[in-house]
2 protein chains.
Amino acid sequence: MLVRQVANLLDLIEYFAERGKPASLAEISQHFGWPRSSTFNLLSTLGRRGFLFEPEARGRFYPTPRWLALAQTIVAAAPLPDALLRLARDLAERSGETICVGAAAGTSVVFLDVIQSTNRVRYAPEVGQRIPLHATASGHAIMSQWSEAQRAALLRKVVFERYGSGTPMSIEAVEDQIRAGLQRGWFRSASNYSVDLGGVSLPLIVADRIFSVTVAGPMSRMDTAMFKIAQDMHDAVARQFGASYLRTEIKGLTTPPLETLTAPL
Amino acid sequence: MLVRQVANLLDLIEYFAERGKPASLAEISQHFGWPRSSTFNLLSTLGRRGFLFEPEARGRFYPTPRWLALAQTIVAAAPLPDALLRLARDLAERSGETICVGAAAGTSVVFLDVIQSTNRVRYAPEVGQRIPLHATASGHAIMSQWSEAQRAALLRKVVFERYGSGTPMSIEAVEDQIRAGLQRGWFRSASNYSVDLGGVSLPLIVADRIFSVTVAGPMSRMDTAMFKIAQDMHDAVARQFGASYLRTEIKGLTTPPLETLTAPL
DNA sequence: CGGGATTGTCTACATATACGAACAGATCGG
DNA sequence: CCGATCTGTTCGTATATGTAGACAATCCCG
């Protein structure tokens, strides 16, 4: 069950982030189609707790910097591992494509860090965006590090739906793609979830936490480059985490066949 | 009426900020005494929206950096005026006491920015903390810039309660203190709300938004220093906002009688 | 490896809660 | 200055919602 008022609050926060200036109760209730009284209750709850204030003399509201203070505290207390962030930056520079750091959230992957490609045509996701675990390279990378049981429990919940030409449409298809990824040494998707989007992904385990790092871009560029990108990713991981990291820390992952590397494109 | 689930969410965020590491559903439900099913609903709502993720393989949750991204966007879009922040820093250095920038929120003042004194014994508030509008120097400063009608509407709602020896106990008492503040050229409180706490406050209007700036500390230090501090505050405002700012922008405020300034303490 | 304890998930029901409507203040234009 | 219109606020009630409880899956320890 979805907690409505909580969802409403999240909507409201996003509304303020987009809007960027104070809003009156009437504006808010009109924008969302909420009853004025309900809007009033929501706003006053936030006000009473110090999360909303009234910059102008009367009747316009805006979120307090308290949100920022709490968010900073939360991120600072359990930050993304430094090596992970360095890896992402490193990859962004070398590949020129968009880099996404992800982790599991329910049946999805959430992006925790995103570095967008500077390319005109690019994959342009945002921090907090979610994509399905079962149908994406990022998701396969993460699930590859789970136990059989965990994977089974997750996949049982999935309702399979065709997003693109590469979408796996059964539990077995997903397991196949994961197995292939482990043997290949990297995970790939090609129009699995977003049409015309290709990605190369690796799982990373840092301090018992499971992350995915993904290089993603339009199929036109990714198609022939995937293997080279995977190679670069292994190199970058070796630089940031040490040479033996992928072999020793990442469950079941094969190191890629260096000797078959094609000439850089 | 208070929206319970929203209040719960705020509690949860604060919980994570304090805790600083992932928590399981069971830990959360125990900590707050919430039913497991309700906790589940709350957590899954947040997960579905990309505000919570599961760093470890299974069943522990932590807020996503999305909170931070949104909070940064919100603050960046409507930042506290630069001159105001400079003023606060300036005052912190000169006075050595705690500086609070406040604005109205319902019947309270919320602190939007706080610079804590480096003094061992000091007033130690936090961003987002609230104090009553009617019983504090900050509140009086803000209300002094409202219309009669707005002030009346606010004061009608107040239930008067004695917080300290200086607490005004009637609408008239509050109006008296505000009137006195305007004539004096600065607002003061002495154990009005927090016992043994004294403060000097000025209202500031920047881009149609009403703020208060307050220098606050223990009565032992503030008592005899208030006038000097008020004087310094006027000087600092003149530096940051221009010499005529207080006279022209701030409704009804008298510039303080410079000639009666006592020797610096 | 197997039994017990713990944790997460689902569903039906009683109740706390969000909503509609009516009120009161404020704002605006004439 | 007055009336009309639009805001914010309060209240009673019908109903959407949170909760108890049972189940299922997982983990842990002997």
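What you see below is based on every heavy atom in this structure, not just the backbone, and it leaves out hydrogens, waters and symmetry mates. Here is how names work: the chains are called A, B, and so on, in the same order as the sequence lines, proteins then strands, and each is numbered from 1.
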- Message: Could you tell me if B:Ser138 and B:Thr214 have a donor-acceptor pair between their side chains, going purely by distance under 3.5 Å?
- Response: yes
- Message: Does D:dT17 have OP1 or OP2 under 4.0 Å away from a side-chain N or O of A:Gln5?
- Response: no
- Message: Using whole Å, what does the distance between atom C1' of nucleotide D:dG18 and atom CG of B:Leu9 come to?
- Response: 16 Å
- Message: Is the distance from the ring center of A:Phe32 to that of A:Tyr15 below 6.0 Å?
- Response: yes
- Message: From CG of B:Asn8 over to P of C:dT17, roughly how many Å is that when rounded to an integer?
- Response: 10 Å
- A:Phe40 side chain, from C-beta outward: closest of C:dG20, C:dT9, D:dT10: D:dT10
- Sugar-phosphate, base or nothing in reach of A:Asn41, heavy atoms under 4.0 Å: nothing
- Query: Rounded to whole angstroms, how far apart are CZ on B:Arg156 and P on D:dT10?
  - Reply: 11 Å
- Note on the structure: B:Leu2 CG to D:dT10 P, in whole Å, measures 13 Å
- Whole-Å distance, A:Gln30 CD to D:dG8 C1', equals 13 Å
- Task: Assign B:Arg4 to base, sugar-phosphate, or nothing according to its heavy-atom contacts below 4.0 angstrom with the strands shown.
- Result: sugar-phosphate
- In whole angstroms, how far is the P atom of D:dT10 from the CG atom of A:Leu43? 14 Å
- Is A:Ser44 touching bases, backbone alone, or none of the nucleic acid, heavy atoms closer than 4.0 Å? nothing
- DNA chain D: 5'-proximal contact among B:Thr39 and A:Ala152 (nearest heavy atom): B:Thr39
- Task: Counting heavy atoms from C-beta on, name the nucleotide in D:dT10, D:dT26, C:dT7 closest to the side chain of B:Ala26.
- Result: C:dT7
- Message: Distance criterion of 3.5 Å, no angle test: do you see the side chain of A:Ser37 paired donor-to-acceptor with the base of C:dG20?
- Response: yes
- Rounded to the Å, how far apart are B:Glu54 CD and C:dT7 C1'? 13 Å
- Message: Angle between ring planes, A:His134 versus A:Tyr163, binned at 30° and 60°: parallel, tilted or perpendicular?
- Response: tilted
- Regarding the side chain of A:Gln150, the nearest nucleotide among C:dG8, D:dC27, D:dT9 is D:dC27
- Upstream residue (5' side of DNA chain C) when B:Ser147 and B:Ser24 are each assigned their closest nucleotide: B:Ser24
- Task: May I have the distance from A:Glu56 (atom CD) to D:dT7 (atom P), rounded to whole angstrom?
- Result: 15 Å
- Item | ring pair (Phe, Tyr, Trp, His ring centres under 6.0 Å) partner of B:Trp67, the single match among B:Phe53, B:Tyr62, B:Phe51 | B:Phe51
- Mark yes or no for whether B:Lys251, through its side chain, and B:Trp146, through its backbone, hold a donor-acceptor pair below 3.5 Å. yes
